[in-house]
Amino acid sequence: MLNLAGLVGDSIVDGPGIRMTVFGQGCPHRCKGCHNANTWSFEGGTRMEEQEVLRIIMSNPLAKGVTFSGGEPFAQAAGFARLADLLKDNGYEVASYSGYTFEELYHGTKEQQDLLRRIDVLIDGRYEEDKRSLTLVYRGSTNQRIVDVKRSLEKGEVVEIKSGRWCGEY
Ligand code: SF4
């Protein structure tokens, strides 16, 4: 069961191509200048089964990718891992934002490590207002990284995506 702040279809700002974005409810990071402060509280939100979220996503035939956003998806790691499994079984590219860094998640709880292993791309790190840049693609501040999760797990250290569709090059 997931607790969601919302689902947005046809998103073009949370990753390349037409995507669905799934917003978790609840975030422990409380970054100054956060644009989604309504998702901080762990109260409220809408509780949904992972299968129901998949059904809604699959009702959009244009979406080829899904991005988890927040809130903090890794605060509900077990539920988002179940959703990631369903999405991968159906051929979606799965990305996730997180206020945690790759290194924190790599050494995080078992549930966080399980979710990390299931996603393709991680945009990591807290939003740091003094590092805000409007020229960044899919990121808010320059400390955040776009991480190739599979290659990073193979190498045991962060491999950033520095070119291609995740950098706005089509
Ligand atoms: S991690 Fe994201 S949702 Fe959470 S406070 Fe920071 S910017 Fe907002």
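As the structure lists them, so they are numbered: ligands from 1, and atoms in each ligand from 1.
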Kindly confirm whether atom 8 (Fe) of ligand 1 is within less than 2.8 Å of some N/O/S atom in C34? yes

For ligand 1, is R30 a contact, meaning one of its heavy atoms is under 4.0 Å away? yes

Is there a protein heavy atom less than 4.0 Å away from atom 5 (S) of ligand 1? yes

Would you say the rings of F68 and F80 are close, in the sense that their centroids are separated by under 6.0 Å? yes

Could R151 and E154 be called an ion pair, given the rule that one side-chain N must be under 4.0 Å from one carboxylate O? no

Counting from 1 in the order shown, the ligand 1 atoms closer than 4.0 Å to a non-hydrogen atom of Y127 are 7 (S)

Looking at every non-hydrogen atom in both residues, tell me the closest pair between F23 and N36 and how far apart they are. CE2-ND2, 4.1 Å

Please confirm whether Y97 approaches ligand 1 to less than 4.0 Å, judged on its heavy atoms. no

Taking 2.8 Å as the cut-off, does H29 contribute an N, O or S atom near atom 6 (Fe) of ligand 1, distance below it? no

Pull out every atom of ligand 1 sitting under 4.0 Å from any heavy atom of G71, numbered as shown with elements. 3 (S)

What about the rings of Y127 and H29, do their centers lie closer together than 6.0 Å? no

Hydrophobic clusters here meaning ILVMFWY residues chained together by side-chain heavy-atom distances under 4.5 Å, can you tell me if I18 and L87 are in one? no

When you look for heavy atoms under 4.0 Å from ligand 1, do you find them on the side chain of C27, its backbone, both, or neither? side chain

So does D130 pair up with K32, basic N to acidic O under 4.0 Å? no

